[in-house]
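When a ligand or atom number is given, it counts from 1 through the structure's own listing order.
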Amino acid sequence: MEDADALGGMTVLVAGDDLGAVQAVRARLQALGADATALAGDADAIARAAVADPPAAVLALGGAEAALRLRLDPFGLDAGPPVIGVEAIAGGEDGVGLLAAWRLRALAERSALRVRQSEMEGVLAAQAVTRRRELEAARADTLRRLITAAGYRDDNTYEHTERVGQLAARLARGLGMPDREVSLIRQAAPLHDIGKIAIPDSILLKPGKLTDEEFEVVKTHAVLGARVLARGGSDLLETAETIARHHHERWDGGGYPDGLAGEAIPIAARLVHVADVFDILVHERPYKESWTVEAAALEIAGGAGTQFDPEAVGAFTALGPTGWSHPF
Ligand SMILES: [Fe+2]
Ligand SMILES: [Fe+2]
């Protein structure tokens, strides 16, 4: 039984060592409706021809299959035209009939589908990477805006929060913390006082000493800040939440909001506590004059073991005046 349309104009490259056999199979395939070409001889030359003008399938005769597949798809990625051994579709070179034509067509179509599938998977993976990058960029952008807002609320110049981020990161590095943690602290520390957006100006900007009630209101900024940053879904926001909540805890347990003591206070918060107090001391605030660097450093050293983590103070002292100063 013959069917001149069985292969519907499918392009087939018939390849092998024996020119006579190759030409005979090409004639059979042409009779079955293929757009067939024949090449015999050197596997490299055949592979080059198949790459230059890829057929829907390469039909390999007389054991040429392995050599051609090695050249056309060495990693089994279904990348180039499929190499099909004649044995896979027929009993042998002489048995190339209608049934073989159908099998050849089915194998070629399956291979084309696999190629399309892997192309689409590639496109989808690239889109997923792009979306993730966009999401990360959007998150980082939002965070930057939040940091700017926090900075303006704190001292109207945005610089205090930045300086605290830098000094806390230097302390973290001084303690030998891993780069990633140092970087998280550097980025998260400027948000330590974000909760102050909820504290009224009449208290926050009050010159002079606060009443006990007013100070109780100020203390709420730790919990409020942590609430703003909670469930952020990233290490950075988690670090920021921890710092916001605990940057007023004291080593001796006398701080707020939770009265944690010693190593129960997260290390990032212990470092920010030192950096924050130092920076406030050496700069003017509505309620105080600025201190000299030497006086502030003495105050920090004097708080080791009571207000501050002694190791954090050790890292602070080791930095020295150049390490404490900032490019602002
Ligand atoms: Fe604070
Ligand atoms: Fe602060």
Side-chain angles (χ1 to χ4, degrees), residues 143-144 146-172 184-207 209-210 212-230 237 239-260 265-291 293 296-297 299-300 303 307-309 312-313 316 324-326 328:
L143 202 59
R144 263 196 301 278
L146 201 57
I147 288 170
T148 307
Y152 281 123
R153 184 66 186 147
D154 203 339
D155 69 349
N156 248 345
T157 63
Y158 168 68
E159 292 172 356
H160 162 73
T161 52
E162 272 301 296
R163 287 189 303 256
V164 170
Q166 292 192 7
L167 183 51
R170 282 183 206 145
L171 296 176
L184 283 174
I185 289 173
R186 167 71 190 84
Q187 296 173 76
L191 288 161
H192 64 278
D193 274 341
I194 185 76
K196 283 188 180 168
I197 56 177
I199 308 299
D201 283 359
S202 58
I203 297 177
L204 202 60
L205 305 177
K206 181 181 171 183
K209 214 172 151 25
L210 298 179
D212 287 350
E213 286 92 27
E214 287 168 339
F215 189 53
E216 287 307 312
V217 174
V218 168
K219 281 159 74 171
T220 62
H221 82 278
V223 169
L224 293 175
R227 211 175 284 160
V228 169
L229 299 163
L237 281 169
T239 307
E241 179 191 357
T242 302
I243 290 172
R245 184 171 187 100
H246 297 297
H247 72 284
H248 289 288
E249 305 282 7
R250 288 172 55 104
W251 184 254
D252 60 14
Y256 66 89
D258 298 319
L260 299 183
I265 308 165
I267 179 70
R270 282 181 255 153
L271 300 179
V272 171
H273 190 184
V274 171
D276 190 31
V277 170
F278 175 76
D279 195 76
I280 288 169
L281 288 177
V282 296
H283 290 87
E284 198 184 318
R285 287 266 157 159
Y287 51 88
K288 61 167 272 297
E289 298 294 318
S290 60
W291 293 26
V293 167
E299 177 76 10
I300 298 291
Q307 184 170 1
F308 306 118
D309 172 1
V313 173
F316 174 84
W324 307 330
S325 65
H326 302 270
F328 292 113

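At a threshold of 2.8 Å, the Fe ion (ligand 2) has no backbone or side-chain N, O or S atom of His247 nearer than that distance. In summary, an N, O or S atom of His221 is located under 2.8 Å from the Fe ion (ligand 1). In summary, an N, O or S atom of Asp193 is located under 2.8 Å from the Fe ion (ligand 1).
Of the charged side-chain nitrogens involved, at least one lies within less than 4.0 Å of a carboxylate oxygen, so that Glu162 and Arg186 count as a salt-bridged pair.
Counting heavy atoms from C-beta on, the side chains of Glu214 and Lys206 come closer than 4.5 Å.
Closest approach between the Fe ion (ligand 2) and any N/O/S atom of Asp276 involves OD1.
Partner Val272 forms a side-chain contact (heavy atoms from CB on, under 4.5 Å) with one of Leu171, Leu191, Ile243 and no other, that one being Ile243.
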Notebook entry, point to check: Passes side chain to side chain contact (heavy atoms under 4.5 Å, CB included), Asp193 versus Thr161? Steps please.
Noted result: CA-CA 8 Å; Asp193 274 341; Thr161 52; 5.7 Å; no

